[in-house]
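The next block holds one structure in the form of structure tokens; read it before the comments.
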There are 2 protein chains.
Amino acid sequence: MELDERKLTILRAIIQNYLETGEPVGSRTISKYTDLNLSSATIRNEMSDLEEMGYIVQPHTSAGRIPTDKGYRLYVDMLMQDKQAEMDNLKLELNAKSEKLDSILKEAAKVIAVNTNYASMITAPRYRKHRIKFLQLTQVDPESLLTVIILDGNIVKNNLVHVEEELTQETLLKLNLMLNTFLQGLDLQEINASVIQKIRNESGGYSSLISEILDVIATSMESEEIEAYTSGSTNIFKYPELNDSEKASGLLNALEEKKELTELMYQEGDSDRGIQVYIGDESPIEATKECSVVTATYHIEEGVYGKIGIIGPRRMDYEKVVVTLKRLMSELDQIFKKDKQ
Amino acid sequence: MELDERKLTILRAIIQNYLETGEPVGSRTISKYTDLNLSSATIRNEMSDLEEMGYIVQPHTSAGRIPTDKGYRLYVDMLMQDKQAEMDNLKLELNAKSEKLDSILKEAAKVIAVNTNYASMITAPRYRKHRIKFLQLTQVDPESLLTVIILDGNIVKNNLVHVEEELTQETLLKLNLMLNTFLQGLDLQEINASVIQKIRNESGGYSSLISEILDVIATSMESEEIEAYTSGSTNIFKYPELNDSEKASGLLNALEEKKELTELMYQEGDSDRGIQVYIGDESPIEATKECSVVTATYHIEEGVYGKIGIIGPRRMDYEKVVVTLKRLMSELDQIFKKDKQ
DNA sequence: TGTTAGCACTCATATTGTTTGAGTGCTAAT
DNA sequence: ATTAGCACTCAAACAATATGAGTGCTAACA
């Protein structure tokens, strides 16, 4: 059987209608909804074909049809290659007051959630390898030493380290210079025993302090857990099909834990720019098998990128979501470019 | 009518039974449950009295009784003055790997949520007035300047500021010295026009940079939004009485927004140590009128404290919650004391 | 040959009625 | 003061019954 133009039109009509209402859609509705001027009976025949081809199903006999994942997939694919969609008239109020990465990210997540009415999650950029750009020790009070580590991409990490005795300005200066000399430009792998040995040799008696500092540096750089921020997780209650305690609880848990979702967003196949859509069962993780996830990538600099994801029901307004995401990505790129110059 | 010993026993039995089951409890149950050796008929009479006094109600005729907020209140008050409760055998695995405040707090929230099966929220310590302990400017790369501000209580804030031209080591040193001289020990109120004027006078040509830096300092210190971490918010789905989308959504929203809950936790009347219990309608904020909130205070140093709150159903296991909180408070105090010495 | 009207059939949902049982309040006896 | 007994109430569970949206099929039509 062939998927001709008319069938496509009908399928699109079914999906669009279902996206709006969330109710199975019947032949009569489509008969009026489209401008094909066909009777419901004809539509019924076509729908029967579409069902046979696996694009739609009846939740039960004598109900209208709803799209299958395959149906959504076709629809989304059409959407994607179709028009590049008018990005105008959509105004995202991303007012990044501070220039600090995390507040920009939080704001971005919020903007997405508010504009789409779905849940959103954004991850801080993942660096292939964190390299040390700069580090500095400062005596804050007689007992504590502040270590500030700046990684490339201007990620700032700081920690307090306890010391037994106050260090003199001079020692501090010397340590700073020494640490920077040996460590600048290195990533975690490169801080190996030989480097450490060299540092030790030069440290002159502060060996236990040095150990502690190196420890702090290591944990800062490891940062196994990618930072992530969520927003609008309660939006999922707006969609009856997700609104039973079983599903809602699972989803919210995933949004709270963040880990699994992060994995999903960093799924293979799109270390590249681009928008990825996971519809229902297509998702590799359990928590979102009942919904759709759309992810996008924003770039900070070569090889340094983060992800943003939108989590909503299968009958998500894909068009709006994609447009909104594209809009935000360009907004973010803008901000980060400005940041660079 | 008087609330004699027997009535109290019965009331306590009713409440305890209801805490366990969540079902209205009838006279026959109590007749067996207590060791008063009274028939159900007698219990019925007493229950009738208790209802008249406002401690219990029937959700509908021909149902058992459930405690009112007033009933819970009495019960909680008895509990509080009663035994100080055995704190042993409750082991909280609070393994604060890092010494950094926020990871300790996150961990604490999690520990509480896991141990109690309710939702938890913890706020970072609120300082009556943030005072500047130390600040430092560092040139990170030719275009950006790192400002590190340490407030008392060792709160570290950092920001990146863009500069047009690289500053010389010398200038930087001068600026650092100057800023520290003028600003150390001051709180936000005290950084007034006259101080700023003095700084400007000394700044020699860097006036726009100085403005920017002072701006950054101000926003860091304002910190209107108290940082807060939540954990276990999906626990609320475990309690049927909160498990309808209306209530759940409201609660989860409050947990996501955090703002309102923070207000609740910093309610008047307990800037002091101590545990506060809000039962249902007693809560001043809308979102928790259908549940109970127990808050506790942890102290970092004189006048510097944060809050932790547990949010659960009205029929919360108050005893366990209070014990767990006390245990955690002492744990936290321990950590922070160690931190000080 | 594609389209449509008409009709029988299906089945989720809503409505109504019925039963069951836990629980109460009252009264009279202990 | 306590208790046994009984009539009464009412939520919840269940069953029976409409209702109606929607389908598939067939026969007529253009």
Side-chain angles (χ1 to χ4, degrees), chain A residues 1-11 13-15 17-18 20-68 71 240-241 243-244, chain B residues 1-11 13-15 17-18 20-68 71 240-241 243-244:
Chain A
M1 202 171 321
E2 221 208 329
L3 192 64
D4 58 8
E5 194 57 41
R6 196 169 77 176
K7 285 193 172 49
L8 261 180
T9 313
I10 292 172
L11 178 59
I14 294 173
I15 296 186
N17 195 292
Y18 183 67
E20 281 171 30
T21 65
E23 297 291 316
V25 6
S27 52
R28 234 175 88 80
T29 315
I30 295 303
S31 167
K32 283 182 278 178
Y33 197 75
T34 60
D35 43 6
L36 286 175
N37 271 358
L38 293 175
S39 81
S40 61
T42 314
I43 303 288
R44 266 201 296 286
N45 290 331
E46 297 287 34
M47 281 168 97
S48 175
D49 291 352
L50 284 170
E51 177 154 24
E52 203 174 315
M53 287 188 266
Y55 293 112
I56 51 179
V57 281
Q58 288 182 280
H60 50 260
T61 350
S62 88
R65 309 297 216 288
I66 62 175
T68 59
E241 61 265 52
N243 190 345
D244 76 288
Chain B
M1 202 171 321
E2 221 208 330
L3 192 64
D4 58 9
E5 194 57 42
R6 196 169 75 176
K7 283 194 173 49
L8 260 179
T9 314
I10 291 173
L11 178 60
I14 294 173
I15 296 186
N17 196 291
Y18 183 68
E20 280 172 31
T21 65
E23 297 291 315
V25 8
S27 52
R28 235 176 86 82
T29 315
I30 295 304
S31 165
K32 284 183 277 179
Y33 196 77
T34 60
D35 45 5
L36 287 174
N37 271 358
L38 292 175
S39 81
S40 61
T42 315
I43 303 287
R44 269 203 293 286
N45 291 330
E46 296 288 34
M47 281 167 98
S48 176
D49 292 351
L50 283 171
E51 177 154 23
E52 202 174 319
M53 286 188 267
Y55 294 111
I56 51 181
V57 282
Q58 287 181 280
H60 50 262
T61 351
S62 89
R65 308 299 216 289
I66 62 176
T68 59
E241 61 266 51
N243 191 345
D244 75 290

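Every chain is numbered from 1 and lettered A, B, ... according to where its sequence line falls, protein lines coming before strand lines.
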Approximate separation, where rounding is to 0.5 Å, of B:N17 CG and B:T34 OG1 = 10.5 Å

Can you sort out the partners of A:Q58 under side chain to side chain donor-acceptor pair (under 3.5 Å), two or more places apart, ordered by chain and number?
-> none

Whole angstrom is fine here: how far is it from CD1 in B:I10 over to C1' in D:dA1?
-> 13 Å

Which parts of residues 29-43 of chain A get close to DNA chain C, meaning a heavy atom less than 4.0 angstrom away?
-> A:N37, A:L38, A:S39, A:A41, A:T42

Would you give the length of the straight line joining atom CD1 of B:I66 to atom CD1 of B:I15, rounded to the nearest 0.5 angstrom?
-> 11.0 Å

Partners of B:N243 by side-chain contact (heavy atoms from CB on, under 4.5 Å), sequence neighbours excluded?
-> A:S245, B:F237

Pairs of donor and acceptor atoms involving the side chains of residues 3-10 of chain B, under 3.5 Å and at least two apart or interchain, shall be tabulated with distances.
from, atom 1, to, atom 2, distance (Å)
B:D4, OD1, B:K7, N, 3.0
B:R6, NE, B:E46, OE2, 2.7
B:R6, NH2, B:E46, OE2, 2.5
B:K7, NZ, B:E46, OE1, 2.9
B:K7, NZ, B:D49, OD2, 3.3
B:T9, OG1, B:E5, O, 2.9

What closest approach, in Å, do B:P59 and B:G64 show between heavy atoms, and which atom pair accounts for it?
-> CD-O, 3.2 Å

Whichever of B:R44 and B:R6 has the more 5' nearest nucleotide on DNA chain D, that residue is B:R6

Who are the salt bridge (Lys or Arg N to Asp or Glu O under 4.0 Å) partners of A:E51, not counting sequence neighbours?
-> A:R65

Residues pairing under side chain to side chain donor-acceptor pair (under 3.5 Å) where one sits in residues 21-32 of chain B, two or more places apart or in two chains, turn out to be B:S27-B:R44

Hey, what bend do you get for the helix from C:dT1-D:dA30 to C:dT30-D:dA1 if you fit axes on five pairs at each end, rounded to 10°?
-> 20°

Please list, pair by pair, any protein nitrogen or oxygen found under 3.5 Å from a nitrogen or oxygen in nucleotides 10-14 of chain D.
from, atom 1, to, atom 2, distance (Å)
D:dC10, OP1, B:T61, OG1, 3.1
D:dC10, O4', B:S62, OG, 3.1
D:dC10, O2, B:S62, OG, 3.4

Atom pair CG (A:L50) and CD (A:E52), whose distance is rounded to the nearest 0.5 Å | 10.0 Å

Can you name the residues that form a side chain to side chain donor-acceptor pair (under 3.5 Å) with B:S48, not counting sequence neighbours?
-> none

DNA chain C: 5'-most and 3'-most nucleotides touching chain B, 4.0 angstrom heavy-atom criterion = C:dA22 to C:dG25

With sequence neighbours excluded, what pairs up with B:E241 under the salt bridge (Lys or Arg N to Asp or Glu O under 4.0 Å) test?
-> B:R315

Applied to residues 54-63 of chain A, the salt bridge (charged side-chain N to carboxylate O under 4.0 Å, His left out) test, sequence neighbours excluded, yields none

Scanning both residues in full, the closest heavy-atom pair of B:P67 with B:Y18 reads CD-CD2, 3.5 Å

